[in-house]
Amino acid sequence: MKEVILVKDGELALKGLNRSVFESKLVNNIKRRLKPLGEFKISRAQSTMFIEPISEDFDMDEALEKIGRVFGISGFSRACVCDKTVESIFETAPEYLCDALKNVKTFKVEAKRADKSFPLKSPELCRELGAVLLQSFPHLRVDVHNPEITVTVEVRDFGAYIRGNQLKGAGGLPVGTSGRAAVLISGGIDSPVAAYMMAKRGLALNAIHFASPPYTSALAEEKVKKLLEKVANYSGTIKLAIVPFTEIQEQIREKCPEDYFTLIMRRMMMRISCRIAQTDDCLGLITGESLGQVASQTLPAISSTDFVCTIPVLRPLVGMDKEEIVTISRQIDAFETSILPYEDCCTVFTPKHPHTRPKPGQCEKAEEKLDIDSLIEKAISGISYSYIN
Ligand code: ATP
Ligand code: MG
């Protein structure tokens, strides 16, 4: 039995003239994601995309799993293709959907007839196929309002497509259609979730991680890479910059008032991230900050870090509770990695009483003994890059 995957695009429908740009981005994203699974063909007709395996060993289950994580898709399903004759449809449907139909009690049939030369009109096809299915599965009952399974038949130019329930797609916009931004990734729970949320709004991702060896370990870096792999399942490839941050933190400790350590450290992160974003064609930064969650995430603290930024900082978690963030973290399978214990550079020199409400000008004063420009240059020259898939 020949099987295909049918894909319905999501918010794309809203995009008017940009629609074709969005569609071709989505097709390319799907192609890139499925490429490791073997050869396949993608075609499109009437707001449905058809993914047709060509290689014998193309793994449909894995393909479906991957499609479920591609943004820009509202729903998808596997479907069987048969000849577009009444006999063939009546023979194929009970056989193809046998397992699914055995496990439910109620169903209905929906039919769509793109090919108007097909001898039965849609309501007739629904009725007659319904009767065939009731005969093959006498335990079933028709429920047109709330069926456990909807059997859909679409009669199209090159054949009839038969499928059961559609699966919910990842939603959002195709990655890349909103441009590119760099996420500041820490190894905690929040930043991977923030990255996922912005990829969902169509941003392609780069990532920046600040590491302070020997205070932070190689395991902390491995953890960050593992978290980015979870995000890349949705966003596609992520270019990661690991920035050496030890000297900056030591200098801050030596030359700045203790209650400003965290704020100054965050301002340095932002300055360096803006520079990296510029060279890597990123139009914005993404952080996992949530208002009031910790001392450095009060509004005055956020504004003191924003002050040194030359590009927008996106904070998709700003209005979310930890519990809501954790729910998404679990959903993208990042949580178990996020809670591994390795130290992050933020926890290395934490002040006992961090300043939470800096007034304008106070941070500048607190960091006046630092040679900011040369620290930034040195950190940037020590960056190591890698690609996460
Ligand atoms: P997370 O769970 O993402 O670590 P958090 O609640 O621990 O967040 P902070 O430690 O204050 O909060 O960090 C706030 C944000 O700053 C993080 O979400 C992340 O975007 C960024 N950040 C923190 N530490 C680093 C780091 N070592 N490298 C890159 N970005 C970082
Ligand atoms: Mg953190």
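For ligands, and for the atoms within them, numbers begin at 1 and follow the listed sequence. Quick note: numbers below take in every heavy atom, side chains included, and nothing from hydrogens, waters or symmetry partners. None of these values were measured; they are calculated from a predicted model.
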Between A241, S186, S273, P192, flag the one that comes closest to atom 22 (N) of ligand 1 by a heavy atom.
S186
Between F210 and ligand 1, is there a nitrogen or oxygen pair with a distance under 3.5 Å?
yes
Counting each atom of ligand 1 from 1 as listed, which ones have a heavy atom of I208 under 4.0 Å away?
29 (C)
Could you check whether any side-chain heavy atom of K365 comes within less than 4.5 Å of a side-chain heavy atom of Y260, counting everything from C-beta outward?
no
Atoms of ligand 1 less than 4.0 Å from D190 heavy atoms?
1 (P), 2 (O), 3 (O), 5 (P), 6 (O), 8 (O)
Purely on distance, is any nitrogen or oxygen of T287 under 3.5 Å from one on ligand 1?
no
Side chains of F158 and K84: does their closest heavy-atom pair fall under 4.5 Å?
no
Within ligand 1, which atoms have a heavy atom of G288 less than 4.0 Å away?
17 (C), 18 (O), 20 (O)
What I'd like to find out is whether the side chain of I30 reaches to under 4.5 Å of the side chain of K66, using heavy atoms alone.
no
Is K322 in polar range of ligand 1, meaning some N or O pair under 3.5 Å apart?
no
Atoms in ligand 1 flagged as close to G188, the criterion being non-hydrogen separation under 4.0 Å:
1 (P), 2 (O), 4 (O)
Considering distance alone, does some N or O of I189 sit under 3.5 Å from an N or O of ligand 1?
yes
Kindly determine whether K105 and L140 satisfy side chain to side chain contact (heavy atoms under 4.5 Å, CB included), including the steps that lead there.
CA-CA 5 Å; K105 293 197 178 70; L140 285 179; 5.6 Å; no
Answer yes or no: does an N/O atom from I286 fall short of 3.5 Å to an N/O atom of ligand 1?
no
Just to be sure I'm reading this right: ignoring hydrogens, which of Q297, E289, M265, E221 gets closest to atom 9 (P) of ligand 1? Compare them by their nearest heavy atoms.
Q297
Remaining members of V231's ILVMFWY cluster at a side-chain heavy-atom cut-off under 4.5 Å?
V183, I185, M198, L203, L205, V224, L228, I238, L240, I242, I286, L314, I388
Enumerate the salt bridge (charged side-chain N to carboxylate O under 4.0 Å, His left out) contacts for residues 281-297, please, sequence neighbours excluded, ordered by first and then second residue.
R266-E289, E289-R315
Are side-chain heavy atoms of I302 and V313 found at a separation under 4.5 Å?
no
Does some side-chain heavy atom of I276 sit less than 4.5 Å from a side-chain heavy atom of V243?
yes
